[in-house]
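For reference, the structure is listed below as structure tokens.
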Amino acid sequence: MHIVIIGNGISGITTARWIRKLSDHQITVISDETDYFFSRTALMYIYMGHMRFQDTQPYENWFWEKNRINLLRDRVESIDIPNKKLNMRDTSSIQYDKLVLALGSKPNKFGWPGQDLDGVQGMYSAQDLEGMEKYSEGLKHAVIVGGGLIGIEMAEMFHSRHIPVTFLVREKSYWNMVLAPDESAMVNRVINKNGIDLRLSTELKEILPDENGKCRAVITNKGDEIPCQFVGLTAGVHPNIAFIKETEIETQKGIVVDEHLETSVKDIYAVGDCAQLRNPPPGRRPIEAVWYVGRMMGETAAYNICGKPVEYQPGIWFNSAKFFDIEYQVYGTVLANPPAEHKSLYWEHPDGEKSIRIVWDDVSGWVIGFQTMGVRYRDEVCRQWIRDKAHIENVLMNLGLANFDPEFYDQYESEVIALYNQKTGANLQLMEKRGLNSVVKFIKKQFA
Amino acid sequence: MAQAHNSLSLSNPHPTGMDTVQKIASAIGGLGLLILFISLFGQINGNYGTWLTASLALMTVGVCVYAWREYMDKPEGIKNNHVWHRTLTNKGLWGWIVGVVLTGFYVVLYFYPQYLGLAKEGANSGLIALFDSLSQALKGQPASQWFVYGALYTLAILIFGVKFLLKYRHNRYQQIRTLSVMFFQLGFAFLIPEILMRLNYPYNNFMNMWPLNYYFFDGWNIQAMTTSGKVGMFMFAWGILMILVISPVLTYFYGKRWYCSWVCGCGGLAETAGDPFRHLSDKSLKAWKIERWMIHGVLVFAIVMTLMVLIFNNGTLRSWYGFAIGSVFSGVIGVGFYPLMGSRVWCRFGCPMAAILGLQQRFFSRFRITTNGGQCISCGNCSTYCEMGIDVRSYAQKGQNIVRASCVGCGICAAVCPRGVLRLENSAIDINSRTDEMKVIMISENGVRI
Ligand SMILES: Cc1cc2nc3c(=O)[nH]c(=O)nc-3n(C[C@H](O)[C@H](O)[C@H](O)COP(=O)(O)OP(=O)(O)OC[C@H]3O[C@@H](n4cnc5c(N)ncnc54)[C@H](O)[C@@H]3O)c2cc1C
Ligand code: SF4
Ligand code: SF4
């Protein structure tokens, strides 16, 4: 059987690796972006000089041949579904028995005047990185549009090269659709502290060209004109499915898939950023454009393709990011605008750069989410508590189990408890401090 | 909310490259180095003490002021911007220059000390004479090339240690660890042995054990210790105790890091002066294969050599070992190649001590680096900055613990990870299963697990 995978990102590659683990099928992975799989999440570190491009490739180049994963650098122009054939840009067409669509995303553009000018781009692909590198030469001012995770990464990138940045954020506060006001305010502070010109509640209206068709300034919805030679469009991404739309494969925002990640057409699967779950599990969104989802979907799809049907079960949500020097982690449900029954305890360090938030259900007392800034929490423990519906007071007393900061770091769990006691009149004491011994015991107990 | 647009140049107030103060600091440090160079060519005669003090002070001030400017006016955090852009740290022009100069220094030091001014008879001259006064003050003898080397080595660990402390001021593990290597170098590797010699006891670094200290079982060394009264006997007993009891026990509890990145002088230099070059270590599987052959080969060599000395009283192998491993490998290549092959070439490919501790760490130690469930984004920072060339990411992205013989527990992988994935930990409870966790695998034959 010949399995063809379009896309060599995390989802496509994970699919390929697992198919190889599970079977001897012939595997071909096609991408028009790069010869080898690299970590998109590390694009910023290449620009900032932390790593070279090859350092972002998780596998050495010999890996693919050794594992008999055939790599092809080309673009798929269209799919001939009745004949199970892919029409390619450069090479002759390719026959498949099963097809995996791992097409990823594309940066959003909202029809702004001037959005296709020279010097205006998003940051998604290796080519985008080359573009940034090219435009950075002699760049005096950059404007970034869109206050999400990629926008702040782009700001940090230019910052590292001492290129002044204006950061236009439509919302009242950075990423406040996801972060609660306290955490969002913390990130605002960090952005300002680093000398980024953060403009909240500000939208892009228009990008102005110079005589050569290159951007020379942006105009905001407040009427300000900001001269710049580069505009970064980072207002989110959408599934990269233009050529799928022309086929009979069902699409909405993304490629619609069932629990087995199969599309409406038999033997065609979709994974990663481009896939949209017809019936997302409770608490999960239909499209989740994050690394981990691509990885989990890839594994699930491989099982299904190899005749071992399993449903996609992503489990409890988790994610992480880094805002300049502040690390962010979340486990479970922590909403920016929570319903009344979500109670939340928010502790913040006096330095204003560390915080711990715990969310629980007011009626049952079950813990449903953790969110930390500048403090590392332990995935296994947090998600175990959420899965087990642990009671908030029980969790607090054992909170040290969740601490994942390096040795010798201050532990703030007793301060979190003190805050809880003060707010509720309870009299809880911290019983577990940070440390692997108790964690192992805790986890063993859960599985016993 | 019209803001004045000319305030936009606000971004990143820290200049690219060096600022004026840093340029002055570099000049000051360079002046200190220049004094050493001038003395090397016999141009300093007399007033040795003053010149030496001036030189050491200038270098100290230069490095400390430079580092202060580099880090203290920036927010705390990881400082790897432009590491791969600068020719000193990307195997470019400056890297080669420093590599060649360092290598040249080691060749002269080991094989042609007369060019440093070492006199077989009579008074030293040149660079070595410059250190005579310090040597006299400490051990009551004129300096040797080894004294000069020891003093400069210690200075490097101290001043670049200060730089590292400032760079990692947000990370208490790095702080304590660095203070520890600075302490052990200054006290145990430098001052105590010299003072012992002043008191007519044999030279002894209590923290340097066989087989790193490959002459421990040499006849002359055993004799020196056993004929130096209680103190000598203590040295002998302590040396044996270190090998047989202290080091295995500590490695069992904490992994080999207690030695390699907290105590050892070779590690100390790698972690301080060598820190800017840590990313240059080769991460390929091939390098790992070569590493395993080489380091265990050296270990076997060291053991055979010692047995030859002990049982057959045959020193031929021993002198070969001293030349090939003790001099060429540990010094010339080990340090000289910092800017080309990273800071731990010796520790990774050549140190027999690292080999022994590594085997202990791999097979019976509570130590491991744990990965935080599925949080890894495969970015590669951990692997890039692992000075031992461990492909940390290959474990982290599978959710597997890192249990590797070569890991020196420096903790830098955990520090640079932008997603908080890695943690250095010890536990006895799951000691036998610490390597086989694969948490990110979602599905298994027995159903779904996350
Ligand atoms: C800068 C940046 C930082 C990020 N940081 C994080 C993070 O910290 N954490 C996190 O969870 N997520 C992060 N993400 C999101 C994460 O990277 C994506 O969710 C993930 O890479 C998607 O993987 P994928 O395999 O679905 O698609 P992709 O990685 O996009 O792979 C799709 C590939 O398919 C190729 N392709 C598409 N169509 C065709 C065709 N017709 N022919 C040939 N090839 C084709 C594309 O060129 C591309 O190479 C980040 C994304 C970016 C851009
Ligand atoms: S794995 Fe981490 S702790 Fe071990 S040597 Fe490498 S960087 Fe240091
Ligand atoms: S640095 Fe962290 S996120 Fe990046 S590959 Fe290593 S463990 Fe994964």
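Chain naming here is simple, since letters A, B, ... match the order of the sequence lines and numbering starts at 1 in each.
Separating the CH2 atom in B:Trp84 from the NE2 atom in A:His50 is a distance of 13.0 Å, to the nearest 0.5 Å. In this structure, CG in B:Asp430 is found 5.5 Å from NZ in A:Lys444, a value given to the nearest 0.5 Å. With values rounded to the nearest 0.5 angstrom, A:Arg378 atom CZ is found 7.0 Å from B:Asn372 atom CG. Between the OG1 atom in B:Thr370 and the CG atom in A:Asp379 there is a gap of 11.0 Å [rounded to 0.5 Å].
When heavy atoms are compared at a cutoff of 4.5 Å, B:Leu285 approaches chain A by way of both its backbone and its side chain. The part of A:Tyr45 that comes within reach of chain B is its side chain, from C-beta onward, which places non-hydrogen atoms under 4.5 angstrom from that chain. At a 4.5 Å heavy-atom cutoff, the contact between A:Ile46 and chain B is made by backbone atoms alone. The contact between A:Tyr47 and chain B is made entirely by backbone atoms, counting heavy-atom distances below 4.5 Å. Heavy atoms closer than 4.5 Å to chain B are found nowhere in A:Glu353, neither backbone nor side chain. Contacts between A:Tyr377 and chain B at a heavy-atom distance below 4.5 Å involve the backbone alone (N, CA, C, O). Contact annotation for B:Ile176: only side-chain heavy atoms (C-beta onward) come within less than 4.5 Å of a heavy atom of chain A. Only the side chain of B:Arg368 comes within contact range of chain A, judged by heavy atoms closer than 4.5 Å. There is no contact between B:Asn90 and chain A, counting heavy-atom distances below 4.5 Å. In this structure, chain A has no heavy atom under 4.5 Å from any part of B:Ser383.
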side-chain hydrogen bond (donor to acceptor under 3.5 Å, both in side chains) between B:Ser427 and A:Asn437, worked out:
CA-CA 5 Å; B:Ser427 172; A:Asn437 272 338; 2.5 Å; yes

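Side chain of B:His170 to backbone of A:Asp325: no donor-acceptor contact under 3.5 angstrom is found. Put simply, the side chain of B:Ser378 never gets that close to the backbone of A:Ser39: no donor and acceptor are under 3.5 Å apart.
Taking a cutoff of 4.0 Å between a charged side-chain nitrogen and a carboxylate oxygen, B:Arg172 and A:Asp410 qualify as a salt bridge. Under a 4.0 Å N-O distance rule, the pair B:Arg393/A:Glu60 does not qualify as a salt bridge. Salt bridge annotation for A:Lys193-B:Glu76: absent, with no cationic side-chain nitrogen under 4.0 angstrom from a carboxylate oxygen.
Residue with the most contacts toward chain A among B:Asp391, B:Leu422, B:Asn171: B:Asn171 (heavy-atom pairs, distance under 4.5 Å). Ranked by heavy-atom pairs under 4.5 Å with chain A, the first of B:Arg419, B:His279, B:His85 is B:Arg419. Looking only at heavy-atom pairs under 4.5 Å with chain A, the residue among B:Ile78, B:Val421, B:Asn80 that has the most is B:Asn80. When B:Ile377, B:Leu424, B:Thr89 are compared by the number of non-hydrogen pairs under 4.5 Å with chain A, B:Ile377 comes out ahead.
Residues satisfying the ring-ring contact (aromatic ring centres under 6.0 Å, His included) criterion with B:Tyr173, sequence neighbours excluded, are B:Trp262. With sequence neighbours excluded, no residue forms a side-chain hydrogen bond (donor to acceptor under 3.5 Å, both in side chains) with A:Trp291.
Put simply, the residue from B:Arg177, B:Arg423, B:Arg257 that forms a salt bridge (Lys or Arg N to Asp or Glu O under 4.0 Å) with A:Glu407 is B:Arg257.
Side chain to side chain, A:Tyr331 and B:Gln375 meet the donor-acceptor criterion of an N or O pair below 3.5 Å.
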